[in-house]
Amino acid sequence: MSRPFTTTDLQTLASEQRNPRTGDIDMLPTPDLLARINAEDAGVARAVEHEIPQIARAVDAAAAAFRQGGRLIYIGAGTSGRLGVLDASECPPTFSAPPEMVVGVIAGGERALRHAVEGAEDDAAQGAEDLRKVRVTAADVVVGITASGRTPYVIGALRYARGLGARTVALTCVPAAALADHADISIAPEVGPEVLTGSTRMKSGTAQKMVLNMISTGAMIRIGKTYQNLMVDVSVSNEKLQARAVGILCAVAGVSGDAATQLLDAAGGDVKAAIVMHLGGVGPDEARARLARAGGVLRDVIGGASPSP
């Protein structure tokens, strides 16, 4: 069991240091105040860039898990947990991924998405229990998210997951964080002191969001959920996504909007099947069969096929 987190520990974290560039922020005119925040945010992308080799390892691990029927599971507390749940919840509509493919777990449960649940992040045993509830196995990749790298709930979760043989990833904003001791891959963009001392929902949260975008999007691209830079596995669940799907069909299959709408209807809203139907001259069942044989990778089905005039 890890020792309690002390005031001395807190003061050693970069996020808890006073930022010398924002000491007078409360006295600035609003445009200057916002410019100061923006200037601090400008360094976040550079911090994330330094971590690309480690992020790439996480992407490849997640893609390998998906190919074997495993899952990508995010777990965190507070802002970190909310960001994980957000990224997970956006994968089904973006990539037609089943909800259980990318899972977000937050300390304190559903209530913690909108309300602070005091003390939830301090319970290492609960972190393990929450992963047990989602039935983590060795086939999964578990990403523990915590700006400080010391949150007991997340440490307990990664320790449990690693004990089961799952691949583990630590996403923190602190180099050589305690969480990294329980992870196969450590991602730690160093964003420095926050605009407001200790407010890790700011630069730290922005960095975490960027990394999570990269992990989920990169893994989905690796398993064929896109074609070129188009979301060909988009779930057609509202008018905007219907319009997007039609636009994708027009671009890839080279058809008019009306023809694309008809193809999409005939394919039951399956954009990839509609593309194969048109370019391959086959019906929906054969289109789906070809995609299934190719593991859902559209490029492997249509190869160098050119859109019909």
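Source: prediction; values computed, not measured.
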When clusters are formed by joining ILVMFWY residues with side-chain heavy atoms under 4.5 Å apart, either directly or through shared neighbours, do V105 and V211 land in the same one?
no
So I145 and L212, do their side chains get closer than 4.5 Å, heavy atoms only?
yes
Side-chain touch I185/T168, heavy atoms, less than 4.5 angstrom
no
Check the pair I215, I55 against side chain to side chain contact (heavy atoms under 4.5 Å, CB included), reporting the backbone distance first and the verdict last.
CA-CA 7 Å; I215 293 174; I55 300 169; 4.1 Å; yes
Any side-chain heavy atom of L179 within less than 4.5 Å of one from V154?
yes
Correct closest heavy-atom pair for M277 and A287 would be CG-CB, 3.7 Å
Enumerate the salt bridge (Lys or Arg N to Asp or Glu O under 4.0 Å) contacts for residues 239-266, please, sequence neighbours excluded, ordered by first and then second residue.
none
Looking at every non-hydrogen atom in both residues, tell me the closest pair between L171 and P189 and how far apart they are.
CD1-CD, 4.3 Å
Would I37 and M202 count as a side chain to side chain contact (heavy atoms under 4.5 Å, CB included) if you check the C-alpha gap in whole Å, the side-chain angles of each, and the deciding distance to 0.1 Å?
CA-CA 9 Å; I37 293 174; M202 301 188 77; 4.3 Å; yes
For a 4.5 angstrom cut-off between non-hydrogen side-chain atoms, does T197 reach N19?
no
Going only through I, L, V, M, F, W and Y residues with side-chain contacts under 4.5 Å, is there a path from I248 to L241?
yes
Quick one: which residue pairs count as a salt bridge (Lys or Arg N to Asp or Glu O under 4.0 Å) with a foot in residues 199-225, not counting sequence neighbours?
E40-K203, E90-K209, K225-D233
Apply the hydrophobic cluster definition, ILVMFWY joined by side-chain contacts under 4.5 Å directly or through others, and give me every member besides I106.
V85, L113
How would you list, by chain and number, every residue that makes a side-chain contact (heavy atoms from CB on, under 4.5 Å) with A260, sequence neighbours excluded?
V246, L249, C250, V255
Scan side-chain atoms only and decide if Q208 and S80 contain a donor-acceptor pair under the 3.5 Å cut-off.
yes
same_hphob_cluster(V48, L83) at 4.5 Å side-chain heavy-atom cutoff:
yes
Kindly write out the residues that satisfy side-chain contact (heavy atoms from CB on, under 4.5 Å) with D181, not counting sequence neighbours, or none if the list is empty.
none
Would you list the atom pairs, donor with acceptor, under 3.5 Å between side chains in residues 28-36 and any protein atom, with sequence neighbours excluded?
{"from": "R36", "atom 1": "NH1", "to": "R21", "atom 2": "O", "distance (Å)": "2.6"}
{"from": "R36", "atom 1": "NH1", "to": "D24", "atom 2": "OD1", "distance (Å)": "2.9"}

Nearest heavy-atom contact between I187 and A58 is CD1-CB, 4.0 Å
Rounded to the nearest 0.5 Å, what separation is found between the CG atom of L230 and the NZ atom of K272?
12.5 Å
Looking only at heavy atoms, which two atoms of T226 and V232 are closest? And how far apart?
C-CG2, 3.7 Å
L298 vs I275, test: side chain to side chain contact (heavy atoms under 4.5 Å, CB included). Steps then yes/no.
CA-CA 9 Å; L298 179 63; I275 293 169; 3.8 Å; yes
So do the side chains of E194 and T200 get within less than 4.5 Å of each other, counting heavy atoms only?
yes
Could you check whether any side-chain heavy atom of V102 comes within less than 4.5 Å of a side-chain heavy atom of M220, counting everything from C-beta outward?
yes
Name every donor-acceptor pair, under 3.5 Å, that has one atom in a side chain of residues 123-133 and the other anywhere in the protein, sequence neighbours excluded.
{"from": "D123", "atom 1": "OD1", "to": "A125", "atom 2": "N", "distance (Å)": "3.2"}
{"from": "D123", "atom 1": "OD1", "to": "Q126", "atom 2": "N", "distance (Å)": "3.0"}
{"from": "Q126", "atom 1": "NE2", "to": "D130", "atom 2": "OD1", "distance (Å)": "2.6"}
{"from": "E129", "atom 1": "OE1", "to": "R132", "atom 2": "NE", "distance (Å)": "2.9"}
{"from": "E129", "atom 1": "OE2", "to": "R132", "atom 2": "NE", "distance (Å)": "3.3"}
{"from": "E129", "atom 1": "OE2", "to": "R132", "atom 2": "NH2", "distance (Å)": "2.5"}
{"from": "D130", "atom 1": "OD2", "to": "Y153", "atom 2": "OH", "distance (Å)": "2.5"}

Using side-chain heavy atoms (C-beta onward) and a distance below 4.5 Å, is I25 in contact with V195?
yes
Partner set under side chain to side chain donor-acceptor pair (under 3.5 Å) for R135, not counting sequence neighbours
none
What are the two closest heavy atoms between V117 and G108, and how far apart are they?
CG1-CA, 4.1 Å
Does L164 belong to the same Ile/Leu/Val/Met/Phe/Trp/Tyr cluster as V134, with side-chain heavy atoms less than 4.5 Å apart forming each link?
yes
Sorted by chain and residue number, the salt bridge (charged side-chain N to carboxylate O under 4.0 Å, His left out) partners of R290 (sequence neighbours excluded) come out as E286
Residues 54-64 vs side-chain hydrogen bond (donor to acceptor under 3.5 Å, both in side chains), sequence neighbours excluded, gives Q54-R57
Please determine whether the number of non-hydrogen atoms from other residues, nucleotides or ligands lying under 6.0 Å from atom CZ of R67 exceeds 12.
yes
For R71, which residues count as a side chain to side chain donor-acceptor pair (under 3.5 Å) partner, sequence neighbours excluded?
D140
Can V143 be reached from F95 by stepping across I, L, V, M, F, W or Y side chains whose heavy atoms are under 4.5 Å apart?
yes
Could you work out, with side chain to side chain donor-acceptor pair (under 3.5 Å) as the rule, every residue matching Y74, not counting sequence neighbours?
D87
Between A112 and A107, which heavy-atom pair has the shortest distance, and what is it?
CB-O, 3.1 Å
Hey, what do you get for CD (E190) to SG (C173), rounding to the nearest 0.5 Å?
9.5 Å
Might you work through the side chain to side chain contact (heavy atoms under 4.5 Å, CB included) test for C91 and M101, ending with a clear yes or no?
CA-CA 9 Å; C91 287; M101 189 173 179; over 6 Å; no
Is any side-chain heavy atom of V141 closer than 4.5 Å to a side-chain heavy atom of I73?
no
Charged N to carboxylate O under 4.0 angstrom, R162 versus D184?
yes
